[in-house]
Colleague: 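Okay, here's the structure, questions in a sec.
Whatever order the structure lists them in is the order used to number ligands and atoms, beginning at 1.
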Amino acid sequence: MNDSQQYDTTLHKVVSTISDHIYVTDLSQESGTTTHFLSENIQTITGYPLETFQADPTFWQSIIHPDDQPLFLEHRAKLANQQGNEVEYRLKRADGQVVWVRDSSQVDKNADGKSGATVYGIISDITPRRKTQEALLLARDRALEASRLKSQLLANVSHDLRTPLTTILGYAQLLEMGAHGPLADKQRETISGIIKSAKYLTNLVNDLLDQAKLEDGKLKLNITSFVPSDIVNQVQSNMSVPAHTKGLTLITDIGPDVPLTVTGDPDRVQQILANLVSNAIKFTTEGTVHVRLYRPDTKHWALQVSDTGIGIPTAEQPYIFEPFRQVDTAGKSDTSGAGLGLSIVKQLTTLMGGYISLESEEGKGSIFTIHLPLIPSKTDPS
Ligand code: ADP
């Protein structure tokens, strides 16, 4: 066996050990496709005998999926223009099954300088990878659709619950005011129970509605200029009673350098602060809840709520701003709530261009801080 024969035999062995199909063809506009070499793996990939492809150089194209023909023709045209190229397309196997292949080709200009090229190509069966990709895409689409339907359901149910709840609350408050005659102590006690539950449900339904709107990107802010200290004073007057009922001290503190007015959505800022303070009261059994309004730097104003309560375990801290997340803590006596408050607080803060931070130690307490941007109001002299 001479050197050239020895070389051919070695090459043949190498080619037969790999699972890809290797080909060498000439492409020219005048004489079309001329096959120089086709490896035997063409049979494994397509299910057709090697001889079929050797006898008819156009047979390869005839088994390409009709939808992928344009892609293949584009690929061929690039090769004929002497540009190496890689493309993925489907083939119809002899047994009728469809396989995905990657066709990567390098080109060598024809030595005689004419148009056309010698193409060195590798065909790899990529069906398993494609199937995994398709399954992942399908799973993602299904998850997105399920999430969209959940938000829709959340919005519809919450909306439908709100109207009758408002009516129940309204009638109960009328009765409590004595609009239908004086109440006996037992009746007053019952009505106050109804009002408390209806208020709780109304808050829950409002939170569900807000969450659904935020998820859908449909929550609109009402941006205006407002006095931030009014919000702190309002929360102080609303929350003092619940704090005192639990034996807690509620302190508010307004920094001297906070601008008199800031720009944002006052109702939403009020909602954020009320949420943080009511959590602080809920998760603290003794000590103090401290609300601070201050200016942390030249570009922000901040609201901070700190408590001396049960704290949040470090491992849970990254998750508590996700919707429906609650911490399973032994010291947690009040298990009410749907786990939506902090998720809404964070999303509202982000929507207003701010950010929230948390410092907490289990058993010692928590500090939630909201930084909001100081947007110069249109009436400010600049
Ligand atoms: P909810 O209070 O309705 O459960 P939130 O989203 O407001 O929902 O809070 C999520 C969880 O984070 C709470 O269930 C609680 O476990 C924890 N958490 C929130 N605020 C505090 C706090 N100030 N101290 C301790 N734990 C808190």
Colleague: Which of the listed options, Ser306, Gly339, Ala280, Gly341, holds the heavy atom that is closest to atom 3 (O) of ligand 1?
Modeller: Gly339
Colleague: Can you sort out which atoms of ligand 1 are near Leu340, meaning under 4.0 Å from one of its heavy atoms?
Modeller: 6 (O), 8 (O)
Colleague: Could you tell me which atoms of ligand 1, counted from 1 in the order shown, lie closer than 4.0 angstrom to a heavy atom of Phe368?
Modeller: 20 (N), 23 (N)
Colleague: So is Gly311 touching ligand 1 or not, going by heavy atoms under 4.0 Å?
Modeller: yes
Colleague: Using the ring centroid of each side chain, check whether Phe37 and Tyr23 are separated by less than 6.0 Å.
Modeller: no
Colleague: Check contact between Glu316 and ligand 1, using heavy atoms of the residue and a distance below 4.0 angstrom.
Modeller: no
Colleague: So if I apply the side-chain hydrogen bond (donor to acceptor under 3.5 Å, both in side chains) rule between Thr118 and each of Asp26, Asp108, Thr25, which one comes out positive?
Modeller: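 Looking at Asp26, Asp108, Thr25, the match for Thr118 under the side-chain hydrogen bond (donor to acceptor under 3.5 Å, both in side chains) is Asp26.
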Colleague: What are the atoms of ligand 1, with element, lying closer than 4.0 Å to any heavy atom of Asp307?
Modeller: 22 (C), 23 (N)
Colleague: Looking only at heavy atoms, is any part of Leu342 under 4.0 Å from ligand 1, and if so is it the side chain, the backbone, or both, or is it neither?
Modeller: both
Colleague: Can you find a side-chain donor-acceptor pair between Asp103 and Ser105 that sits under 3.5 Å?
Modeller: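 Present: a donor and an acceptor within the cut-off.
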Colleague: Run the numbers for me: atoms of ligand 1, each under 4.0 Å from some heavy atom of Lys282, listed by number.
Modeller: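 Listed by number with element: 1 (P), 2 (O), 3 (O).
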Colleague: Do His21 and Ser39 get their side chains close enough for a donor-acceptor pair, meaning under 3.5 Å?
Modeller: yes
Colleague: I'd like the name of whichever of Leu276, Asn279, Val277 reaches closest to atom 20 (N) of ligand 1 through any heavy atom.
Modeller: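 The residue whose heavy atom sits nearest atom 20 (N) of ligand 1 is Asn279.
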Colleague: If we ignore angles and hydrogens, is there a donor and acceptor under 3.5 Å between the side chains of Arg162 and Asn206?
Modeller: yes
Colleague: When you measure from the heavy atoms of Phe321 to every atom of ligand 1, does any distance fall below 4.0 Å?
Modeller: no
Colleague: Can you confirm whether Ile367 sits close enough to Val305 that some side-chain heavy atom of one is under 4.5 Å from a side-chain heavy atom of the other?
Modeller: no
Colleague: Would you call Asp297-Lys299 a salt bridge at under 4.0 Å N-O?
Modeller: no
